[in-house]
Amino acid sequence: MRLLRAMLLRDLRLAFRRWGDVVSPLMFFAIVTSLFPLALSPRHDVLQSLGPGVLWIAALLAMLLSLNALFRQDIEDGSMEQLAIGPHPLALLMLYKSLGHWLVAGLPLVALAPLLAVTYYLPGDAVAALCLTLLIGTPTLSLLGSVGAALTAGIRQSSGLLALLVLPLCLPVLMFGSRATALAGQGEDISGPLLLLAAMLALAASLLPLAAAAGIRISLD
Amino acid sequence: MRITLPTWFHKLASPPHFYRFARLLGPWLLWVSLLLMLIGAWGGLFLAPPDYQQGDGFRIIYVHVPSAYLSTMIYAVMATAAAIGLIWRIKLAHAVAAAAAPVGAWFTFLALVTGALWGKPMWGTYWEWDPRLTSELILLFLYFGYMSLRSAFDDQSRADRASAVLALVGVVNLPIIHYSVIWWSSIHQGPTISKLDAPSITTDMLWPLLVMILAYTLFFAAVLLQRVRAEVLDRERHARWVQELLAGPEGEVR
Amino acid sequence: MLLARGLTLWRGDNCLFEDLDFALGEGQVLLVRGPNGAGKTTLLRVVCGLTRPEAGSVLWKDQPIADSDEYPLALAWHGHQPGLKSDLSIRQNLEFSAALRGQAAGAWQAALSELGLAALADMPVRQLSAGQQRRTALARLLSSPARLWVMDEPFTNLDAAGQAYLQGRLQGHLAAGGLALLAMHQSLEALPARELWLGAAD
């Protein structure tokens with residue numbers, strides 16, 4: 001528990017020392033979602049049908065934006081070496097790191113999503129579903145992203161590569177998240193997709209930190 | 001927990017052994033697969049009756065279905081080889097994974113192209129977000145990611161291990177992606193658009209298909225062996241057996 | 001205690017070392033020496049378990065280091081990079097290290113004041129000089145109960161007083177039965193150290 005607290009405290013402190021890095025994904029989320037009405041059409045019915053997908057895609061891309069820096073600094077200044085030789089399993093530390101990333105990069109998106117959903121005229125049920133699916137889905141994205149970030153941390157010029165690695169793996173979360181939001185808007189029961197999203201999160205939290213730890217060891221080698 | 005591999009496996013996994021083994025086996029696999037391919041093509045194009053709905057258009061399944069089957073199978077082969085390389089530190093296994101990836105990507109591409117060509121007479125468009133085609137497309141992206149990651153490293157051993165981790169994450173994700181796509185399309189589309197299935201397959205249609213699948217698999221095995229040989233030569237270029245081979249009495253690398 | 005057997009490592013097409021053996025017992029120090037690029041740092045990283053050798057193994061109490069539960073607690077690594085977050089203060093950095101290694105909070109305070117940095121404890125590491133950053137990293141190592149110190153060029157960036165202090169601490173560590181593996185450019189007069197030469201031995 002002390003370790004978890006120390007890790008989170010450290011990562012949150014570091015994140016908030018650099019305010020811009022916390023805020024820019026949020027701005028990105030807001031700007032990308034406002035591009036679609038401007039580029040396509042401001043008609044209510046069009047936006048209502050596009051909304052769930054657009055909001056989910058924008059959230060996914062916003063999370064991707066902050067991934068590239070997830071381990072890079074730690075590797076360059078040598079703190080990752082200290083984590084890797086320490087007495088705790090590196091996979092556990094990776095899980096905590098992902099949690100820290102989600103608190104900084106994922107949770108604020110969940111909070112901002114309802115505001116943006118209003119500009120897409122989503123009905124109340126869909127807004128609630130959007131927040132719920134983002135709340136369950138974005139941690140999985142953080143975990144998937146941590147694997148991609150760990151594997152590419154030792155490579156220069158890797159942000160394009162990172163997207164190429166991570167995006168295909170994120171598709172199930174994206175599909176379930178956005179479709180469940182749309183279904184909720186049509187008044188349907190979405191407990192099925194929500195449970196599946198939760199199952200994906202459980203699977204991701206138990207397996208992906210191991211892969212991220214392996215990736216970090218390779219990047220440190 | 002330590003699982004050990006049988007000794008014959010280690011023996012085969014030694015690069016010089018494997019190189020000789022592949023040189024003997026490779027041509028046989030290639031000729032048998034070409035022969036089977038001719039038989040399958042003859043059976044599929046001339047013996048099988050036209051489909052009562054699709055006419056002769058369905059005959060593209062003799063290319064499409066084996067390609068689609070191989071595209072997934074090769075990913076599984078690649079991930080298995082990667083796991084063996086990662087866990088038991090067998091370098092040859094990494095060479096197999098590296099050699100398999102581009103072949104897998106090509107079969108995936110072939111499955112997509114033949115699927116699109118088949119789609120034109122069936123759907124009236126080349127592309128339809130049919131679950132099987134969509135899965136193939138995502139699979140192609142996974143292959144791209146794997147190959148890009150591998151090429152981004154300068155160091156061979158790091159490239160091997162990093163791409164192996166990615167292949168393992170990908171292979172766990174593959175079924176999840178597949179079933180997500182099926183769920184997603186079941187919500188979107190009614191039953192009006194039929195899937196890329198041979199609707200009512202008769203024995204005359206089926207046996208050439210099975211022969212073709214076998215022929216393609218053997219063809220993949222032959223190509224894989226050849227590619228692994230090249231990969232092994234490159235990786236072991238400083239080893240004595242490669243130097244001897246290059247300067248050997250045969251005078252050439254066969 | 002520490003035993004390296006048959007270590008072989010290639011970097012690309014270059015062989016850094018092949019079939020390297022050494023042993024380190026209680027109270028002993030081994031200096032790894034050699035020209036730049038000879039693989040001194042790499043050998044130290046192999047001993048820390050950060051870099052995997054092509055062949056060979058490192059044993060701690062007759063157990064491979066990857067399987068040993070004791071080794072992570074017995075090992076302290078003082079690498080070339082200080083391993084400090086530049087946006088955090090010295091206190092926050094060392095407090096985190098203590099939590100990571102399960103030490104008591106504030107265990108680092110004595111070492112820090114001996115190194116003359118106690119007054120700067122709340123200053124962000126980014127504002128410290130290179131020497132002060134090395135001292136902060138030293139404070140982390142000196143406050144840990146680790147038995148094996150693996151240090152890469154520990155005297156770099158330290159002034160005369162700092163070097164003398166570190167030599168004294170090393171002597172104390174060895175006298176108490178500790179082990180030390182140091183990558184060095186110069187030899188150590190004050191310590192009866194064995195030397196291991198890497199690279200072109202001329």
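Keep in mind that this is a model prediction, so the values were computed, not measured.
Taking 4.5 Å as the heavy-atom cut-off, the residues of residues 203-221 of chain A that approach chain C are A/Arg217, A/Leu220, A/Asp221, ordered by number. Below 4.5 Å, heavy atoms of chain C meet no heavy atom from residues 129-146 of chain A. When the heavy atoms of residues 11-37 of chain A are compared with those of chain C, the residues falling under 4.5 Å are A/Arg13, A/Leu14, A/Arg17, A/Arg18, listed by number. Taking 4.5 Å as the heavy-atom cut-off, the residues of residues 74-102 of chain C that approach chain A are C/Leu75, C/Trp77, C/Gln81, C/Pro82, C/Gly83, C/Leu84, C/Lys85, C/Asp87, C/Leu88, C/Gln92, C/Glu95, C/Phe96, C/Ala98, C/Ala99, C/Leu100, C/Arg101, C/Gly102, ordered by number.
Applying the 6.0 Å contact sphere to CZ of C/Arg5 captures no more than 12 heavy atoms from other residues, nucleotides or ligands. Counting non-hydrogen atoms of neighbouring residues, nucleotides and ligands closer than 6.0 angstrom, the CZ atom of A/Arg2 exceeds 12 such neighbours. The environment of CG in C/Asp122 is crowded: more than 12 heavy-atom neighbours from other residues, nucleotides or ligands sit within 6.0 Å. With a 6.0 Å radius and a threshold of 12 heavy atoms from other residues, nucleotides or ligands, C/Asp62 has its CG atom at or below the threshold.
Looking at A/Glu76, only its backbone comes within 4.5 Å of chain C, counting heavy atoms on both sides. In this structure, chain C has no heavy atom under 4.5 Å from any part of A/Leu9. C/Ala105 touches chain A through backbone and side chain together, each having a heavy atom under 4.5 Å away. In this structure, the portion of C/Arg45 lying under 4.5 Å from any heavy atom of chain A is its side chain and not its backbone.
The CD atom of C/Gln133 lies 9.5 Å from the CG atom of A/Asp77; values are rounded to the nearest 0.5 Å.
Ranking C/Thr42, C/Leu50, C/Thr51, C/Val46 against chain A, the residue ahead of the rest is C/Leu50, based on heavy-atom pairs under 4.5 Å. Chosen from A/His88, A/Glu81, A/Met80, the residue pairing most often with chain C at heavy-atom distances under 4.5 Å is A/Glu81.
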